Peer 1: 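First the structure, which I've put down as structure tokens, then a few questions once you've had a look.
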There are 2 protein chains.
Amino acid sequence: MQYDINKFFKAISDPNRVKIMELLKDGELNVSEICKHFDMKQPSISHHLNILKNAEIVKDRKVGKEVYYYLNKICITNCCGTFQNRFAEE
Amino acid sequence: MQYDINKFFKAISDPNRVKIMELLKDGELNVSEICKHFDMKQPSISHHLNILKNAEIVKDRKVGKEVYYYLNKICITNCCGTFQNRFAEE
DNA sequence: TATATACATAGAAATATATCTATATGTTGC
DNA sequence: GCAACATATAGATATATTTCTATGTATATA
């Protein structure tokens with residue numbers, strides 16, 4: 001799979017989104033659970049989740065009324081690795 | 001040295017700045033030389049260089065009238081590595 | 001010293017992004 | 001089917017970022 005590295009970096013350039021990623025580090029959470037950790041309103045969280053999802057940093061699965069988000073760790077490893085290699089000394 | 005990882009990602013979230021980094025990959029360039037590769041005006045380039053410098057992604061040295069910019073590769077390796085590790089499977 | 005060159009800084013305008021309120025959609029349980 | 005709940009979407013507003021023009025500063029040179 002080929003990730004859009006520019007989308008990736010745009011996504012993680014917001015500390016709120018990195019904080020969401022931190023929350024998902026140890027397993028999936030639904031939107032309400034994520035909201036509890038922020039002062040923002042739910043639609044703002046949805047907006048950030050959508051940006052993360054678009055960058056393929058998170059994926060989601062629906063369970064009844066709830067939507068659980070979880071990290072796509074391979075995307076993170078891949079994008080960081082690719083970028084790092086691009087500027088590494090040979 | 002401890003880099004500000006949020007500043008780092010904010011800096012590389014703009015494709016123009018990543019392009020500047022690419023240009024500096026194989027050695028230093030002065031501002032005029034960098035400008036030649038863009039449609040932007042010189043003050044805009046200076047602005048981007050300043051953001052990169054603030055994030056410690058580039059450093060500069062003055063040679064007469066010219067200012068040469070060069071990559072601080074250790075910063076790139078360090079920030080990408082740190083971030084990647086933060087979300088890696090253990 | 002006056003002029004040209006290279007770059008930086010200030011401030012305005014255009015554009016993009018984040019956040020909010022209001023509301024729509026989909027699911028569950030009565 | 002209806003009410004309640006979880007989340008998403010629409011659209012407005014606030015804020016941040018990018019880019020520009022105009023100008024300042026430092027260095028080199030005639």
Side-chain angles (χ1 to χ4, degrees), chain A residues 3-24 27-72 79 83, chain B residues 3-24 27-72 79 83:
Chain A
Y3 299 106
D4 182 331
I5 206 158
N6 181 46
K7 242 187 212 174
F8 176 81
F9 286 128
K10 268 226 144 51
I12 66 173
S13 71
D14 183 308
N16 288 316
R17 291 194 284 267
V18 174
K19 185 175 167 187
I20 291 175
M21 290 168 71
E22 286 281 2
L23 292 171
L24 300 179
E28 62 179 17
L29 291 176
N30 65 38
V31 179
S32 315
E33 288 165 340
I34 294 169
C35 284
K36 281 179 202 147
H37 295 85
F38 290 90
D39 287 336
M40 266 177 280
K41 293 293 154 70
Q42 172 268 319
S44 302
I45 298 292
S46 269
H47 172 246
H48 287 304
L49 285 169
N50 197 44
I51 287 170
L52 288 170
K53 189 176 164 186
N54 243 279
E56 300 181 80
I57 293 169
V58 300
K59 297 185 180 185
D60 62 347
R61 69 186 186 96
K62 225 173 163 179
V63 179
K65 292 184 286 192
E66 283 129 46
V67 179
Y68 283 84
Y69 283 87
Y70 57 99
L71 276 186
N72 181 20
C79 288
F83 194 77
Chain B
Y3 299 106
D4 182 331
I5 204 156
N6 181 46
K7 241 187 214 175
F8 176 81
F9 286 129
K10 267 226 145 50
I12 65 172
S13 72
D14 183 308
N16 288 315
R17 291 193 285 266
V18 174
K19 186 176 166 187
I20 291 175
M21 292 168 71
E22 286 282 359
L23 292 172
L24 299 179
E28 61 179 16
L29 290 176
N30 65 38
V31 180
S32 313
E33 287 165 340
I34 295 169
C35 283
K36 282 181 203 148
H37 295 84
F38 290 89
D39 286 337
M40 266 178 279
K41 292 295 154 69
Q42 173 268 319
S44 302
I45 297 292
S46 268
H47 173 247
H48 287 303
L49 285 170
N50 197 44
I51 287 169
L52 289 170
K53 187 176 163 183
N54 244 280
E56 300 181 80
I57 293 168
V58 301
K59 297 185 180 185
D60 62 348
R61 69 184 186 96
K62 223 176 162 173
V63 180
K65 292 183 289 190
E66 281 130 46
V67 179
Y68 283 84
Y69 283 87
Y70 57 98
L71 276 185
N72 181 19
C79 288
F83 194 78

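In what follows, chains carry the letters A, B, and so on, assigned in the order in which the sequence lines appear, proteins first and then strands, with residues in each chain numbered from 1. On a predicted model such as this, the values are computed, not experimentally measured, just so you know.
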Peer 1: Where the side chain of B/Glu66 is concerned, which of C/dC7, D/dT21, C/dT27 is the nearest nucleotide?
Peer 2: C/dC7
Peer 1: Pick the closest DNA chain D nucleotide for A/Lys65 and for A/Asp60 by heavy atoms, then say which residue is nearer the 5' end.
Peer 2: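 Of the two residues, A/Lys65 wins.
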Peer 1: Side chain of A/Met40: nearest nucleotide among C/dC20, C/dC7, D/dA8?
Peer 2: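 Nearest listed nucleotide: C/dC20.
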Peer 1: Before we go on, tell me: are the rings of B/Phe83 and B/Phe8 under 6.0 Å apart, centre to centre?
Peer 2: no
Peer 1: Within 45° of the six-membered ring axis of B/Phe38 and under 6.0 Å from that ring's centre, is NZ or CZ of B/Lys19 located there?
Peer 2: yes
Peer 1: Counting only side-chain N and O atoms of B/Ser44, is one of them less than 4.0 Å from OP1 or OP2 of D/dT19?
Peer 2: no
Peer 1: Can you tell me whether the side chain of A/Gln42 and the base of D/dA6 have a donor-acceptor pair closer than 3.5 Å?
Peer 2: no
Peer 1: Under 4.0 Å between a side-chain N or O of A/Asn16 and OP1 or OP2 of C/dT19?
Peer 2: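 The answer is yes; a side-chain N or O of A/Asn16 sits under 4.0 Å from OP1 or OP2.
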Peer 1: Distance check needed: C/dC7 P versus B/Ile20 CD1, whole Å only.
Peer 2: 13 Å
Peer 1: So what does A/Asn50 hit on the nucleic acid, given a heavy-atom distance under 4.0 Å: a base, only sugar-phosphate, or nothing?
Peer 2: nothing
Peer 1: Mapping A/Lys10 and B/Ile45 to their closest nucleotides on DNA chain C, which lands nearer the 5' end?
Peer 2: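 The residue whose closest nucleotide sits nearer the 5' end is B/Ile45.
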Peer 1: Using a 4.0 Å heavy-atom cut-off, does A/Tyr69 contact any base of the nucleic acid, only the sugar-phosphate backbone, or nothing at all?
Peer 2: sugar-phosphate
Peer 1: Does some side-chain heavy atom of A/Val31 sit less than 4.5 Å from a side-chain heavy atom of A/Tyr69?
Peer 2: yes
Peer 1: Choosing from D/dA10, C/dC7, D/dT17, which nucleotide comes nearest the side chain of A/Pro43?
Peer 2: D/dA10
Peer 1: Would you say A/Lys41 reaches C/dT21's phosphate, i.e. side-chain N/O to OP1/OP2 under 4.0 Å?
Peer 2: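 True: A/Lys41 side-chain N/O within range (under 4.0 Å) of C/dT21 OP1/OP2.
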Peer 1: Between A/His47 and D/dA10, is there a contact of a side-chain N or O with OP1 or OP2 at under 4.0 Å?
Peer 2: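 For D/dA10, OP1/OP2 do not have a side-chain N/O of A/His47 under 4.0 Å.
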Peer 1: Which residue, A/Ile51 or A/Gly64, contacts DNA chain C at a nucleotide closer to its 5' end, judged by nearest heavy atom?
Peer 2: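 This one resolves to A/Ile51.
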Peer 1: Separation of A/Lys62 atom NZ from D/dA6 atom C1', in whole Å?
Peer 2: 9 Å
Peer 1: With a 4.0 Å cut-off, would you call A/Glu56 and A/Lys7 a salt bridge?
Peer 2: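 No.
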Peer 1: B/Lys7 NZ to D/dA16 C1': how many Å, rounded?
Peer 2: 16 Å
Peer 1: Which of these nucleotides, C/dC20, C/dC7, C/dA18, is closest to any side-chain atom of A/Asp14?
Peer 2: C/dA18
Peer 1: In this structure, which one of B/Val58, B/Leu29, B/Leu52, B/Asp14 forms a side-chain contact (heavy atoms from CB on, under 4.5 Å) with B/Ile20?
Peer 2: B/Leu52
Peer 1: First locate atom CD1 of B/Ile57, then atom CG of B/Leu49, and finally report the distance between them rounded to the nearest 0.5 Å.
Peer 2: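 The distance works out to 11.5 Å.
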Peer 1: Rounded to whole angstroms, how far apart are CD on B/Glu33 and C1' on C/dT5?
Peer 2: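 Rounded to whole Å, this separation is 14 Å.
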Peer 1: Take atom CZ of B/Arg61 and atom C1' of C/dC7, then tell me their distance rounded to the nearest Å.
Peer 2: 16 Å
Peer 1: Distance check: side-chain N/O of A/His48 vs OP1/OP2 of C/dT17, anything under 4.0 Å?
Peer 2: no
Peer 1: Rounding to an integer number of Å, can you tell me how far B/Ile34 CD1 sits from C/dA6 C1'?
Peer 2: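 Rounded to the whole Å, the gap is 13 Å.
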Peer 1: For A/Asn30 and C/dT28, what is the distance between atoms CG and P respectively, to the nearest whole Å?
Peer 2: 14 Å
Peer 1: Between C/dT17 atom P and A/Asn54 atom CG, what is the distance in whole Å?
Peer 2: 12 Å
